[in-house]
Amino acid sequence: TLKYFMMAVTLIVVAVPEGLPMSVTLSLALNMRRMLSTNNLVRKMHACETMGAITVICTDKTGTLTQNLMQVHEPNFYGIKNGGNLGDDDISALVAEGISANSTAFLEEAATGEKPKGVGNPTEVALLLWLNSQGRNYLELREHARILDQLTFSTERKFMATLVESPIIGKKVLYIKGAPEIVLGKCKEVVLDGRRVDAVEYRSTVEAQLLNYQNMAMRTLGFAFKIVGENEPNDCTELVSANDLNFLGVVAISDPIRPDVPAAVAKCQSAGIGIKIVTGDTPGTATEIARQIGLWQPETDTDRNRITGVAFAELSDEEALDRVMDLKIMSRARPTDKQRLVQLLQQKGAVVAVTGDGTNDAPALNHAQVGLSMGTGTSVAKEASDITLLDDSFNSIGTAVMWGRSLYKNIQRFIVFQLTINVVALASVLLGAFFGTELPLTVTQMLWVNLIMDTFAAMALASIPPSADVMNEKPRKTDDFIITKAMRKNILGVGFCFLAILMTLIVIIKQMPADLVGQALTQFFTIFVMLQFWNLFNASVFGTNHSVFKDSRHALGMLSVAIIILVGQILIVEFGGKVFRTEPMNFMTWVYIIAGTSFVLWIGEIYRWIKRIQKKD
C-alpha cells in the first residue's frame with residue numbers, strides 16, 4: 001500500500017509544472033531590468049510581454065520621430081524688412097515683446113563660449129533662442145511688460161494669448177501665437193510694410209507660404225496682436241473672440257528626424273505592425289515627416305490614408321471604423337481624437353500601443369493596451385503609462401517590441417522543455433509500475449528533477465537575450481493558444497523517443513540479477529536526467545534554426561546552468577545513498593552516460609543545420 005501511495009505522490013509531483021509561474025515571473029523581472037538599459041523604463045510588469053503582441057503603434061511626431069531640437073529656420077514677419085531681422089521700428093519692438101511676454105519658456109545662463117539652452121516648450125525655446133541671436137534680451141522685455149491676463153497653449157485651442165501693459169506704446173496689447181490657420185482666422189487685417197491689408201484678401205498668400213514650409217516638414221507658427229483700449233476688459237478669451245486682431249506673420253521652425261527612425265519604422269513594418277502618426281502639426285508637415293521615415297508612399301497612398309482631427313471627429317463610428325485601419329496620418333489631432341482612434345482600433349481587434357507626453361494624453365494612454373510616456377513628459381502622462389521611453393525615441397519602441405516577443409518565446413521554450421520532462425517522467429512511472437519493477441524514479445529523485453528542471457531551467461531559459469529574428473514574424477493573435485502546433489510536435493516527438501529509450505532500459509533492468517538492480521536503477525536515473533540535460537540546449541533555440549553555439553552570451557549562460565545541473569547530479573549519485581536510492585558509479589560509466597546521451601544535442605544541431613541549408617536554397 002505504501003508503495004502505491006508513494007507512486008501516487010510521485011505522479012502528482014511529475015504532472016504539475018509548478019515551475020511555470022516562477023519562469024514567467026522571472027522572465028518578466030529580468031526583462032524589466034534589461035529593458036532599462038535600452039531606455040525603456042517598465043512601470044507595469046505585464047507590459048513587457050504585451051509589447052510583443054501589439055499590432056498598431058500610434059506615435060507622436062515631435063521628439064519621438066524627430067530630434068526635438070527646434071530651431072527657427074525662417075522668420076517671416078510681414079511688417080519687418082530685411083527678411084525678418086528685428087530692427088528698431090515699432091513692429092520689430094512689438095514682435096520682440098510678443099515673443100518674450102507671450103511665452104512660458106526660459107533660457108538658462110550659458111557658460112562662456114557655450115550656446116544657451118532653454119527650459120520649457122521646445123517651440124518657445126526656439127523662439128527665445130532666435131530672439132537672443134537678434135541681440136534682444138527676452139527677460140528684460142518680459143519683466144517690463146506687466147502681464148494682465150494669459151491663456152496658456154492647449155491642444156484644443158491651438159494658440160496662446162497674453163495681455164500685457166506695454167511700455168513700448170504705453171497701452172494694453174494682446175499678443176497671440178499658435179497654429180497659423182487658427183490665428184489668421186481671428187485676424188481682421190495683415191500688417192504689411194507701412195500699411196494694413198484685409199486678412200481675407202491676403203489669406204491665400206499666407207496659405208501658399210505655409211504650404212511651402214509644411215512641405216519641407218517644418219512647424220509653422222502664426223503671430224498676431226491687438227492694441228486694447230482702456231475701457232476694454234482684461235480678458236484674453238473675450239478679446240480673442242472678437243476676431244479683430246492684426247496678423248504679424250509666420251515663423252518656420254525646423255526639427256530634423258532622428259537618424260535611426262527610418263530603420264526602426266521599416267523593422268516594425270516587417271514585423272507586421274501598423275504605424276500611425278498622431279500629431280498636432282499640419283497635414284503638410286505630418287505627411288512630409290511620414291515620407292521621410294518611409295511610412296508615406298506618395299505613389300500608392302491616398303487621402304484615405306490621412307485625415308485631420310476635425311474631419312475625424314465629424315465621421316460617424318461606422319465611417320471611422322471603415323477607415324481606421326487604413327489611416328497612417330492624423331494631423332491637427334486633439335487628445336479626444338487620439339483617444340477615439342485608440343478605442344476604434346481596439347474595436348477592430350488591434351492591440352494598440354500609444355505614445356503621449358502631455359496631461360491631456362492620459363486618457364489615450366489609459367485606454368491603450370500599452371501606454372508609452374516620454375521621459376520628458378508630464379508626471380500625469382507617466383502615471384497613466386505602462387512604459388516610459390527615457391530617450392523619447394521611436395527606436396526604443398521597436399526595441400521594446402523585440403523584447404516582448406523574445407520574452408514570449410522564452411516562456412514557450414520553458415513550456416516545451418518542462419512538458420517534455422513531465423510526459424516522459426509520468427509515462428515512465430506509470431509504465432514502470434505495469435512492468436512490475438520498483439518505482440523507476442523515487443519521490444526524492446523526482447524532487448531533484450523538479451528542482452533542476454524547474455528552477456535552474458527557468459533561470460537558463462528566462463535569461464536568453466532577445467533575437468532580432470522575432471521582428472521578421474507577424475504579431476501573434478490575442479486568442480492564440482500558447483502551445484503551438486510546432487510545440488506539440490516537439491513535446492510528443494521528443495518525449496516518445498526518450499520514453500522508448502527509458503522503457504527499453506526498464507525491460508533490461510527487469511532481467512538483471514537482484515544484486516545489480518541498485519546500480520542499474522542509479523544509471524537509469526542518471527540517463528533520465530542527462531537526456532533532459534542535453535534537451536535543455538535544444539529547447540533554448542526552439543523556434544529558430546540557430547545553432548546552440550551561435551551566440552556566445554547565450555552559450556555561456558546555458559553552460560553555467562548546465563555545470564550546476566551536472567555537478568549536482570554527480571554529488572547526488574555519489575553521496576545520495578539511501579535517501580536518493582543511488583549507488584556510486586565509476587568514472588568510465590559517467591563518461592559513457594554523458595557521451596552517449598549527448599546524441600540528443602547533436603541530432604538537434606544536425607536538424608537545425610539542414611533547416612538552415614533549406615532556407616538558403
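With hydrogens and angles ignored, the 3.5 Å screen pairs a side-chain donor or acceptor of Asn31 with a backbone N or O of Trp403. Side-chain N or O atoms of Asn535 include none that pairs as donor or acceptor with a backbone N or O of Leu531 at under 3.5 Å. A distance-only check finds a donor-acceptor pair linking the side chain of Gln369 to the backbone of Val352 [under 3.5 Å]. Side-chain atoms of Arg608 come within 3.5 Å of backbone N or O of His546 as a donor-acceptor pair. Side chain of Asp392 to backbone of Thr64: no donor-acceptor contact under 3.5 angstrom is found. Looking only at distances, no side-chain donor or acceptor of Arg43 sits under 3.5 Å from a matching main-chain atom of Asp386. A side-chain donor-acceptor contact under 3.5 Å links Thr522 to the backbone of Glu583. With hydrogens and angles disregarded, a donor-acceptor distance shorter than 3.5 Å links the side chain of Asn305 to the backbone of Asp326. Looking only at distances, a side-chain donor or acceptor of Gln346 sits under 3.5 Å from a matching main-chain atom of His367. A donor-acceptor pair under 3.5 Å links the side-chain atoms of Thr399 to the main chain of Asn395, judged by distance alone.
Rounding to the nearest 0.5 Å gives a distance of 10.5 Å between CZ of Arg291 and OG1 of Thr287. Met325 CE to Leu344 CG: the interatomic distance, rounded to the nearest 0.5 Å, is 11.0 Å. We find the CG-NZ distance between Asn545 and Lys615 to be 6.0 Å, quoted to the nearest 0.5 Å. The distance from atom NZ of Lys276 to atom CE of Met330, rounded to the nearest 0.5 Å, is 9.0 Å. The distance from atom CG of Leu492 to atom CG of Leu499, rounded to the nearest 0.5 Å, is 11.5 Å. With rounding to the nearest 0.5 Å, the separation of OG1 in Thr66 from CD1 in Ile293 is 10.0 Å.
At a threshold of 4.5 Å between non-hydrogen side-chain atoms, the residues Tyr607 and Asn538 do not count as touching. With a 4.5 Å cut-off on side-chain heavy atoms, Phe525 and Val449 count as touching. Annotation: side chain of Leu505 is not in contact with side chain of Phe528 (no heavy-atom distance under 4.5 Å). At a threshold of 4.5 Å between non-hydrogen side-chain atoms, the residues Phe394 and Cys268 count as touching. Looking at Lys328 and Ile277, their side chains never come closer than 4.5 Å, going by heavy atoms from C-beta outward. Using a 4.5 Å heavy-atom threshold, the side chains of Cys58 and Leu341 count as touching. Side-chain contact between Trp590 and Gln569 is present, with at least one heavy-atom pair separated by less than 4.5 Å. Residues Arg33 and Leu36 fail the side-chain proximity criterion, which asks for heavy atoms closer than 4.5 Å.
In summary, Asp60 and Lys338 engage in a salt bridge, as defined by a charged side-chain N under 4.0 Å from a carboxylate O. Using a cutoff of 4.0 Å between basic side-chain nitrogens and carboxylate oxygens, Arg405 and Asp469 are not scored as salt-bridged.
Contact between Ala400 and Asn40 at its shortest, heavy atoms only, is CB-OD1, 3.7 Å. The two residues Gln519 and Pro584 come nearest to each other via the heavy atoms NE2-O, 3.3 Å. When every heavy atom of Lys382 is checked against every heavy atom of Thr388, the shortest pair comes out as CG-OG1, 4.2 Å. Contact detail for Gln523 and Met585: the closest heavy-atom pair is CG-SD, 3.5 Å. Scanning both residues, Glu605 and Ser547, for their nearest heavy atoms gives OE1-OG, 2.7 Å. The shortest non-hydrogen separation linking Ala539 to Phe417 is CB-CB, 3.8 Å.
Within a 6.0 Å radius of NZ in Lys44, more than 12 heavy atoms belonging to other residues, nucleotides or ligands are found.
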Check the pair Thr582, Glu574 against side-chain contact (heavy atoms from CB on, under 4.5 Å), reporting the backbone distance first and the verdict last. CA-CA 7 Å; Thr582 57; Glu574 297 301 316; over 6 Å; no
Step-by-step side-chain contact (heavy atoms from CB on, under 4.5 Å) determination, Lys348 to Val56: CA-CA 11 Å; Lys348 295 289 280 187; Val56 175; over 6 Å; no
Please walk me through it: do Ile482 and Tyr408 pass side-chain contact (heavy atoms from CB on, under 4.5 Å)? CA-CA 9 Å; Ile482 193 169; Tyr408 190 77; 3.5 Å; yes
Given side chain to side chain donor-acceptor pair (under 3.5 Å), test Gln292 with Glu288 step by step and report yes or no. CA-CA 6 Å; Gln292 290 183 23; Glu288 175 58 17; 3.0 Å; yes
For Arg581 and Thr444: C-alpha separation, side-chain torsions, deciding distance, then whether side-chain contact (heavy atoms from CB on, under 4.5 Å) applies. CA-CA 9 Å; Arg581 199 190 66 185; Thr444 50; 5.9 Å; no
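A donor atom on one side chain and an acceptor atom on the other are found under 3.5 Å apart for Trp534 and Thr597. Donor-acceptor pairing under 3.5 Å is recorded for the side chains of Asn410 and Arg413. A side-chain N or O of Asp391 and one of Ser396 form a donor-acceptor pair less than 3.5 Å apart.
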